[in-house]
Structures are given as C-alpha cells and as structure tokens.
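On a predicted model such as this, the values are computed, not experimentally measured, just so you know. In what follows, residues are counted from 1 in the order of the sequence shown.
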Amino acid sequence: MADTKREIERKYESDDSGLPDLTGVAGVAAVIDKGVAHLDATYYDTADGRLAASSITLRRRTGGSDAGWHLKFPVGPGVRDEIRAPLSDAVPRTLAGLVRSRVRDAELVPVVRLRSDRDVRDLTDAAGRLLAEVSVDAVYAERLDGDGGDAQWTEIEVELADGGDPAFLDRVEKRLRRAGVRPSGSASKLARALAETGPRPKKKRKGSAASDAGPVSAGDHVLACLRAQRDAIVELDPAVRRDMDDSVHALRVATRRMRSAFRSFGTVLDRSVTDPIGEELKWLAGELGVDRDQEVLTERITAALDALPRALVTGPVRTRLRTWTHARRGGSRRRLIAVLDGKRYLELLGTLDALIADPPLCKAAAGAPEKVIAKAVRKDLAQVSDLVERALDLPPGHDRDLALHEARKRAKRTRYSAEAATAALGDPAAALARSMKALQNLLGDHQDSVMTREALRDLAAQAQAAGESSFTYGVLYGREELRAVRAEEALPGAWSQVRAVTL
C-alpha cells in the first residue's frame, strides 16, 4: 500500500562542504546530532528519460528510516509529493500506474545508482518540536545506462518538518548564505547525477526552431493550445489515480478543450484527421463523467434540501435520495482506473503525441493569427448568437430549454476558442472569454435546474409508489422552477455583455 508525504526542502552547496552553526537561527533552541545514515538508491526511468523530462523521480532505496520505493512528483519550487511503497524487488504496480501516462508501454529500467553518507541534524524549538531536518550528504553517483560514468559531490539539504511554516526555511537560508553557502544549481540529486555522469547535451542553435521565437503563425497558436491540453491530460492522469480533489473534472475539461479546438480551428487542422481523435476524446470525457453528473445532481438536491425549513420536509426524503443516488451510480474507482490502464486510452495518448509531432496542417495554418484565429472565434460567436436569439424568441417550456442547452454547449466552445486566441488577439479575446464564461455559467445553472427537476419528478414517483409523501419533492421542484425563470430573466443582460465585445 502506498502513502503520500508532502516534501518541502531546499538544497545547497558549499566550497568547504561543512555545515555552519545553526543555533543562531530564530526559533531554533537546539541542534541535535542524529548520526550518519548510509543510503543506497537506484533510480528508474525509461531508456529515453521520460520521467526525468517531467522532473519525476522513481527510486528504490535501502538504508535510513524510510527504506522502500519512492515516487516524487513536482508541486512547485522546492515542493514535491513523495509517494511511498514498501521495499520489493520490482517496481510496485501502484507506482507504475502513476507514471503510466508518461511511460506508456516502455520499460522502466535502472539508470542511476546513488550511494550517500548522510550526516543528519534535527533543528528543534524550545518545546522539543522538530522544525527541520538538516543533512550533509556525501554523494557518489554511478550511471547504470549509457557509458557508465560516475561523479561525486557533497550537498546540504534542509527539509521542513511536517506541518511546518515554510518561512522557517527562509531564516535557515539567510544564516547559510551568511556563511557562504549557496543554493544548489540542481533541483534534485538525480538531476545532478544525470548531468554529471552522462554526455553533455548539444547546444541548440539560436533561432533553429519556430518555438524559440514563440508562436508566429495561426498554426503555431493552435498547436500551442493543443500541446497545453495534451500536457494537462498526461499530468492530471496520476492525480485522478490518486483521487485528488477536482482531478477528474479537470481532466474532463482538458479533453473537452482539445476537442473544441479541433472543431473551432478546423481551417487550421485537417478535420478528416482530427474528427476521429475528437470522438476518442468524447469517449474519454464520457468515461470520466460516469459518476460526476450524478454527483452534481445529488449535491444540488442535497443543498436545496438543507435550505428548506424542517416543516417542509415530510417523509424519509434523505434516505430516498441516498437510495436513488446509489441505484443510478454507474461507475467506480476500479472502473475508472481500468479505463486509464486500458489499451484504448494509451493509444489515444500516443495518437495525441503523433498529432502534435506531425500536425495535419491546412493552408490557413500559415496565415497571420490575427486574421485566421479571429475569423474562427467570430464564427463560433455567430453560432452562439443564432442559438441565443432563437432561444429568446421561444416561449418558456421544453423547446426553449433544449435551445438554451444547445446555446450553453456552444458558449462553452466559444469561451475555449476565445481563451486559446488570447495569446494572438490580446485583450479583446480575453474580454470575450470572460463574458462568454459568465453566459456559460448562467446557461449552465439553467440546465442544471432542468436536470434537477427531472430528477425530482423521478424521486417523487418512487416515493409515491412506496407510499411516501411526495410533498417535499414538489416544494423543491417549485424552487428549481423559480431558479430557471430567474436565469432566463438574466439572459438578455448577460447576452448584451457578450455583444458589447468587439473582436
């Protein structure tokens, strides 16, 4: 079983490789010598270094107090999530799954071995509480692939205690700098080992690629958008596997953004190539949303029920809601992980890589972005306009609900295309994206009301069939009906805000 630890640390170098006296650091009452630990770690990666390219480290370590497998994901500068698994001979399946979106079908092999003598000291406060662990590491690195080079160095590492204040590290660093210690030039031991034991990378010729100068054509801008969403899918995969908050929703949004880009910028990328990929993205979004839509409905009804006076709640309404929710759930964590481990999903990731590496560009891709991109966004906006105007002309009821739902979907697509166009078109595109987001949220609330009323009718029918009172469901239905009316009343104002934007 794997467990996770948030690691906040800083690394330093010193010409004399010694540790300055840290008793003068504010808040430190004692510096306790914990002795020397002998650590032996083997780092794993693919032959082409896919994990290292993403600043991810996977190691098997013996020695010290935390022997086992450690997988580290970057969170921010000096901050990583370390996921641990018990010591075993092979890479644990749990950890292998967390890197599968990057590794795909490639084999994880030993690339570097690091042996360290770690001289450890604890910094504690007056109450004996641990503030940070400071170590002086004498490191010997041995390359296990390629030419098998080696290197050695000494570094100082300061790791904040669990739940500690990151500002404490600033105080320690101030003391270290006064003593001539400087921040390390490498983000991790592995990064330094790879740099010092392998061949030096060839310098890129200035101006050798269009990406060096930033996007210059319509195709460059669209590809930058697609690349960002492909990267988001890959990076969110382990978060979904770890069941991190909002990760499923965020991954679903990334798939929708990419699919929208295919449709909005069809003059830039050949749709005969992108449409089948878009269908696969639609499949993935559907798998991710198997339980999410039901959760949204349940949360909305529960919140509305919580807001009702007790006198208006008759019968076992909450029990009925729980039973209804459980019966309608179609997915599970196990099913979702199976999708992410499945051949279809991994093939989709490979297809996205191939598309970005060799994009099916159309003639318009070479055009000026301020013309080609703007034209595409204006086309999306015109389609939203037709749908909104049609909905406003319809009387309240089923047909208007359907028209507003279609307008919501197109508003979302237009928002995405406007956001993608911001780098090329600047403030006007950003203003359109903001106004379209407001419109989308309004129409989304209306659609949620439509779906919630359908759910309440279903709940009321089940309650009546069981001989229970349906009164409360009727009250909730009436309140949802009022929310929809208010959304429709606010629509002309929101639409006028959109029409005020000039692109």
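- Few gaps surround CG on Asp21; more than 12 heavy atoms of other groups in view lie less than 6.0 Å from it.
- Side chain to side chain, Thr124 and Asp122 fail the donor-acceptor criterion of an N or O pair below 3.5 Å.
- The environment of His249 atom NE2 is sparse: at most 12 non-hydrogen atoms of other residues, nucleotides or ligands sit within 6.0 angstrom.
- Side chain to side chain, Arg328 and Gln294 meet the donor-acceptor criterion of an N or O pair below 3.5 Å.
- Between Asp353 and Arg104, at least one side-chain N (NZ, or NE/NH1/NH2) sits under 4.0 Å from a carboxylate O, which counts as a salt bridge.
- Note on Asp45 versus Arg50: no salt bridge recorded, every NZ/NE/NH1/NH2 to OD/OE distance being 4.0 Å or above.
- The pair Asp145-Arg143 meets the salt-bridge criterion, with a side-chain N (NZ, NE, NH1 or NH2) lying under 4.0 Å from an Asp/Glu carboxylate O.
- Salt bridge annotation for Glu82-Arg84: present, with a cationic side-chain nitrogen under 4.0 angstrom from a carboxylate oxygen.
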Which donor-acceptor pairs under 3.5 Å do side chains of residues 339-346 form with protein atoms, sequence neighbours excluded?
unit_1 : atom_1 : unit_2 : atom_2 : d
Asp341 : OD1    : Arg100 : NH1    : 2.6
Asp341 : OD1    : Arg241 : NH1    : 2.8
Asp341 : OD1    : Arg241 : NH2    : 3.1
Arg344 : NE     : Glu280 : OE1    : 2.9
Arg344 : NH2    : Glu280 : OE2    : 2.9
Tyr345 : OH     : Asp237 : OD2    : 2.7

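- For the residue pair Thr42 / Arg113, no side-chain donor-acceptor distance below 3.5 Å is found, with atom types taken as modelled.
- Ser264 and Asp380 form a side-chain donor-acceptor contact under 3.5 Å, judged by distance and modelled atom types alone.
- With respect to the salt-bridge test (charged N to carboxylate O, under 4.0 angstrom), the residues Arg115 and Asp40 do not qualify.
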Residues Arg192, Lys11; criterion side chain to side chain contact (heavy atoms under 4.5 Å, CB included); working and verdict: CA-CA 12 Å; Arg192 182 165 182 173; Lys11 297 180 183 295; over 6 Å; no
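- Neither side chain, Asp81 nor Thr4, offers a donor N or O lying under 3.5 Å from an acceptor on the other.
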